[in-house]
Protein chains: 2
Amino acid sequence: MTKQQSRTLQTRARLLDAAQEIIGELGYEGLRTQEVVKRAGVAKGTFFAHFPDKDALMEILIAAEMDAFLDQAETAPTPDSIEALMAMIMPLIDFMRCERYVFDVILRHSGAAAKDNIGPIALTFARQDEVFTKLLENAPFRKDISAGLMGEGIQAFAIQALALDFCTINNEMPLEERLSIYLDAWLLPEG
Amino acid sequence: MTKQQSRTLQTRARLLDAAQEIIGELGYEGLRTQEVVKRAGVAKGTFFAHFPDKDALMEILIAAEMDAFLDQAETAPTPDSIEALMAMIMPLIDFMRCERYVFDVILRHSGAAAKDNIGPIALTFARQDEVFTKLLENAPFRKDISAGLMGEGIQAFAIQALALDFCTINNEMPLEERLSIYLDAWLLPEG
DNA sequence: CTCCAAAATTGACCATGGTCATTTTATATG
DNA sequence: CATATAAAATGACCATGGTCAATTTTGGAG
């Protein structure tokens, strides 16, 4: 009963290519499903036969970018200071703040979808945990908590710093400075 | 040139009442603007003459609930332990997780709108900062960082705990337990 | 009281994400 | 090759948030 896969894969690839092309021109927020199917040369319904909804497509594309940053982080040496850690995660953070819409999509899906299946972005966050845990195991930071917990805190503070960075009340301080303060207090407490 | 205010206020109140009524029956996610204007007895356009968009209405209603919790927290005594602190903030957290949609709205607006004006939810978060700062000033927690910074961390960890609680990967641990672990590590470090 | 300008309201209309019964296409089988 | 059948694609259609030119209401000035 296993029938035509090549056609399916081809269509999916065309949709993804078209989406990426549009994002290159108009940014993530500017993407319209109508334009995607038009460029892919398929009908509206075909889009939704391949992706449950528009968010699912966005998740795939955004998670792919985030994963690329994690690939780099994975091969990096153990950070020997907060600065080294910051340098390692800033590329990812910069992507996360490239558009308000991107940050919103990431937020919506970081804690996984409301549905039962786990989306690409939630998987990326899980992978972040792993990567951070491994990196922090031998780093010269506090020793009273596990590397995994340290990693979760870094995630939490990164999101907090990003949220405040998008905020008009609080954006007199640059994101990097704010995040540095958070990470100092979190990873090198003196009390 | 100052003309009719009573009419405006009345209409606005009717819209808000209708919205609250619907939320009582169907929850926040179940609210449709069409149903709001129908119950308020006005036309569709009137809704958008009073609120920039549906999110703005949601913000008002959700921020009002959150503010009520802050009112209580404001009159509470200084927490003398993590448990006491948790007891103080759990009502607010429970509201924030009452619906996935509610949490999403809060997240979207906690870091303020992308626009230049500051929404009610962002103001609530700013007020949270103030309330926490005052409460933590004399609390028996770490002394190496400011009360304000401690408060920001509590916010960050609360959101992280909420996000993971909505997540299918990570919800084998109850929110309260996870948040306790975070706050212990954040407010009472031993390294 | 009449008339005017600003404020408020209206509802037809639009944009866009998403659905689904129907049609087309590919492939396995006799 | 002909046929059956399941996968894939189609596009008219729907739901809902949001817009805006036209209309009605309001309160004050003369």
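Throughout, protein chains are lettered first and strands after them, A, B, ... in sequence-line order, and every chain is numbered starting at 1.
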Between A:His50 and D:dA8, is there a side-chain N or O to OP1/OP2 distance below 4.0 Å? no
Nearest-neighbour nucleotide for the B:Ala43 side chain, D:dT25, D:dG27, C:dG11 considered: C:dG11
Give the rounded distance in Å between these two atoms: CG of B:Leu31 and C1' of D:dG17. 12 Å
Does the B:Arg97 side chain pair with the main chain of B:Asp165, one donor and one acceptor, at a distance under 3.5 Å? no
Is there a donor-acceptor pair under 3.5 Å between the side chain of B:Lys54 and the backbone N or O of B:Leu31? yes
What's the CG-C1' distance between A:Asp53 and C:dC20, to the nearest Å? 17 Å
Parallel, tilted or perpendicular: which one describes the rings of B:Phe95 and B:Phe69, with boundaries at 30° and 60°? tilted
Between B:Lys134 and B:Glu130, is there a salt bridge with N-O shorter than 4.0 Å? no
Return the value, rounded to whole Å, for the distance between atom CZ of A:Phe51 and atom P of D:dA9. 11 Å
Nearest listed nucleotide, side chain of A:Arg32, among C:dT10, C:dT16, D:dG11: C:dT16
In terms of heavy-atom contacts, B:Gln155 and B:Phe132 come closest through CG-CE1, 4.5 Å
Among the nucleotides D:dT10, C:dT10, C:dA12, whichever has the atom closest to the side chain of B:Lys44 is C:dA12
Can you tell me if the side-chain N/O atoms of B:Thr33 get under 4.0 Å from OP1 or OP2 in D:dG18? no
How long is the line joining CZ of A:Arg12 and C1' of D:dA7, in whole Å? 16 Å
Between C:dT16 atom C1' and A:Phe47 atom CZ, what is the distance in whole Å? 12 Å
Of the listed nucleotides (C:dT25, C:dT9, D:dG18), which one gets closest to any side-chain atom of A:Arg7? C:dT25
Would you say A:Thr11 places a side-chain N or O within less than 4.0 Å of OP1 or OP2 belonging to D:dA9? yes
Nearest-angstrom distance from the residue atom CG of B:Leu9 to C1' of D:dT25: 17 Å
Atom CD of B:Glu35 and atom C1' of D:dA15: how far apart are they, to the nearest Å? 14 Å
Give one of base, sugar-phosphate or nothing for A:Lys54, where a contact means two heavy atoms less than 4.0 Å apart. sugar-phosphate
Of the nucleotides D:dA9, C:dT9, D:dT19, which one has an atom closest to the side chain of B:Ala49? C:dT9
Tell me: CD of B:Gln10 to P of C:dA8, nearest whole Å? 13 Å
